There are 2 protein chains.
Amino acid sequence: MAQKQEYLSKNQQIVLNLIEKAKGPLKAYSILYDVQKKGIKAPLQVYRALEKLIKIGKIHKIESKNAFIACNNSECEISKATAFSICNNCEHVKEIKNTKLSKYLSNFQDNSGMKYKKYNLEFFGLCKNCKLKQ
Amino acid sequence: MAQKQEYLSKNQQIVLNLIEKAKGPLKAYSILYDVQKKGIKAPLQVYRALEKLIKIGKIHKIESKNAFIACNNSECEISKATAFSICNNCEHVKEIKNTKLSKYLSNFQDNSGMKYKKYNLEFFGLCKNCKLKQ
DNA sequence: CTTAATTTGTTATAATATAACGTTTGTTAT
DNA sequence: ATAACAAACGTTATATTATAACAAATTAAG
Ligand SMILES: [Zn+2]
Ligand SMILES: [Zn+2]
Ligand SMILES: [Zn+2]
Ligand SMILES: [Zn+2]
């Protein structure tokens, strides 16, 4: 479990702080808007920070939403096995921590002869709250 | 297995034909370029056709690539359980048909109380061909 | 036929993401 | 300390992906 220490740069830290205190996934341009007071002025500065944070597993991209969320899984230094639950009604998103699921998918093999190094899974449905209100 | 007959409109049929004869996923603006000779002139005409084709399960969107691929699975009238393998080298994409996998994921439950109605899974790795060349 | 629903055509614009360039800062090895 | 390299930064411009808004035309259903 030796964890590689990663020193974040100023912009990376600013962006990560924002994403970590957010309740849900954030969009790049909403991040940009929020960090302007900290001196980040251009989209590229945000996208570069996001790219690095994804690479080291601090955040993940929710592909179906083009949005970014803090990692909720201590085993995610590199984001090579991610799963999310997404509510279609309130847009609530949560990273799924489930050892059985991640083992099943990490070991998955089909007949294509392809060896998978990475996966991303997105589940959609209604969260507990929204189910009650229906 | 009663299959609901869907009559496609002109634009929908044009776009579907193109996607079905393509070897891999196509991007919206590349589709637009290719169908201009058929009279489709604007992005919206393509996006509207794509939206409908997705809805009835004739095609799927590869979220990580913003690209669209023909369905390869006869059980996919509605795209509520999709899985793809994606080669990181040659970008080859294939829809995974695997009953065990789809059963496992369709029945998946975690402790969140959420009942999932839909999922999308994308596997990444090296395809057989690209593995040999390394 | 009439009404409703879907699809179309068109223009404009929004939202998401990257290219290219030169500068600055941080790390590593002599 | 300083040269050499890599990473991050700042900035401007531009590419790519996707939707809003509105009116006309076509198609399905009663
Ligand atoms: Zn994670
Ligand atoms: Zn909800
Ligand atoms: Zn399919
Ligand atoms: Zn390949």
Side-chain angles (χ1 to χ4, degrees), chain A residues 4-19 22 24-69 78-79 86 91 93 120 122, chain B residues 4-19 22 24-69 78-79 86 91 93 120 122:
Chain A
K4 186 159 137 210
Q5 176 72 43
E6 288 287 354
Y7 295 98
L8 297 179
S9 75
K10 182 175 126 270
N11 288 358
Q12 290 157 11
Q13 193 64 64
I14 291 170
V15 170
L16 179 58
N17 285 347
L18 183 70
I19 295 178
L26 297 180
K27 302 226 161 201
Y29 277 73
S30 124
I31 293 170
L32 175 58
Y33 179 85
D34 285 344
V35 297
Q36 299 215 318
K37 63 197 77 141
K38 306 263 184 188
I40 294 180
K41 290 173 189 161
L44 245 192
Q45 297 176 282
V46 171
Y47 279 105
R48 286 199 278 225
L50 291 172
E51 185 182 23
K52 181 67 187 291
L53 293 168
I54 288 171
K55 201 172 158 197
I56 64 177
K58 295 286 190 188
I59 66 171
H60 305 299
K61 181 173 184 181
I62 309 297
E63 293 286 356
S64 63
K65 298 202 166 300
N66 298 316
F68 304 87
I69 193 172
I78 4 154
S79 316
I86 302 171
E91 309 252 302
V93 175
N120 179 53
E122 299 182 4
Chain B
K4 185 160 137 211
Q5 176 74 44
E6 288 286 351
Y7 296 96
L8 297 180
S9 75
K10 182 177 126 269
N11 288 357
Q12 289 157 12
Q13 193 62 64
I14 291 171
V15 170
L16 179 58
N17 285 346
L18 183 71
I19 295 178
L26 297 180
K27 302 227 158 197
Y29 276 74
S30 124
I31 293 171
L32 175 58
Y33 180 85
D34 286 343
V35 297
Q36 299 215 315
K37 63 198 78 142
K38 306 263 183 187
I40 294 181
K41 290 174 190 160
L44 244 193
Q45 296 175 285
V46 171
Y47 279 103
R48 287 198 279 225
L50 292 171
E51 185 182 24
K52 181 66 187 292
L53 293 169
I54 288 171
K55 201 171 156 198
I56 64 178
K58 295 287 188 187
I59 66 170
H60 305 299
K61 182 174 185 182
I62 310 297
E63 293 286 356
S64 63
K65 298 202 166 302
N66 297 317
F68 304 87
I69 193 171
I78 5 153
S79 315
I86 302 171
E91 310 251 304
V93 175
N120 179 53
E122 299 183 5

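Every chain is numbered from 1 and lettered A, B, ... according to where its sequence line falls, protein lines coming before strand lines. If you're wondering where the values come from, they're calculated on a predicted model, not measured in any experiment.
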Span of DNA chain C, from the first to the last nucleotide whose atoms fall under 4.0 Å of chain A heavy atoms | C:dT16 to C:dA20

Given that B:Arg48 and A:Ser30 both sit by DNA chain C, which one's nearest nucleotide is further toward the 5' end?
-> B:Arg48

Quick one: list whatever passes side-chain hydrogen bond (donor to acceptor under 3.5 Å, both in side chains) with B:Gln12, sequence neighbours left out.
-> B:Ser9

Covered region of DNA chain D, 5' end to 3' end, by chain A [heavy atoms, under 4.0 Å] | D:dA8 to D:dT12

Closest non-hydrogen contact found for B:Ile19 with B:Phe68 is CG2-O, 4.0 Å

Would you say B:Asn11 and B:Arg48 make side-chain contact, with heavy atoms under 4.5 Å?
-> no

Those residues of residues 32-46 of chain B lying under 4.0 Å from DNA chain C by at least one heavy atom = B:Lys41, B:Ala42, B:Leu44, B:Gln45

Start at the 5' end of DNA chain C and walk down; is the nucleotide closest to B:Lys10 or to B:Tyr29 reached first?
-> B:Lys10

Could you tell me which residues satisfy side chain to side chain contact (heavy atoms under 4.5 Å, CB included) with B:Tyr29, sequence neighbours excluded, listed by chain and number?
-> B:Leu32, B:Pro43, B:Tyr47

With A:Lys65 via side-chain hydrogen bond (donor to acceptor under 3.5 Å, both in side chains) - residues at least two apart | A:Glu91

Could you go through the side chain to side chain contact (heavy atoms under 4.5 Å, CB included) check for B:Val15 and B:Ile59 one step at a time?
-> CA-CA 10 Å; B:Val15 170; B:Ile59 66 170; 5.8 Å; no

Side chain to side chain contact (heavy atoms under 4.5 Å, CB included) between B:Leu50 and B:Ile31: does it pass, once the steps are laid out?
-> CA-CA 10 Å; B:Leu50 292 171; B:Ile31 293 171; 4.0 Å; yes

Who passes side-chain hydrogen bond (donor to acceptor under 3.5 Å, both in side chains) against A:Ser64, sequence neighbours left out?
-> A:Glu122

Tell me, which stems hold DNA chain C, with a stem being 3 or more Watson-Crick or G-U pairs in a row and both distances under 3.5 Å?
-> C:1-30 with D:1-30

How would you list, by chain and number, every residue that makes a side chain to side chain contact (heavy atoms under 4.5 Å, CB included) with A:Glu51, sequence neighbours excluded?
-> none

Classify the nucleic acid contact of A:Lys65 as base, sugar-phosphate or nothing, counting any heavy atom under 4.0 Å across all strands shown.
-> nothing

Distance col, row B:Leu18:CG vs B:Leu26:CG, nearest 0.5 angstrom, shows 5.5 Å

Using the test side-chain hydrogen bond (donor to acceptor under 3.5 Å, both in side chains), find all partners of B:Gln13 that sit at least two apart in sequence or belong to another chain.
-> B:Asn17

Heavy atoms of B:Val46 and B:Ala28 approach each other most closely as CG1-O, 3.8 Å

Please name the pair of heavy atoms, one in B:Lys41 and one in B:Gln45, separated by the smallest distance, quoted to 0.1 Å.
-> N-OE1, 2.8 Å

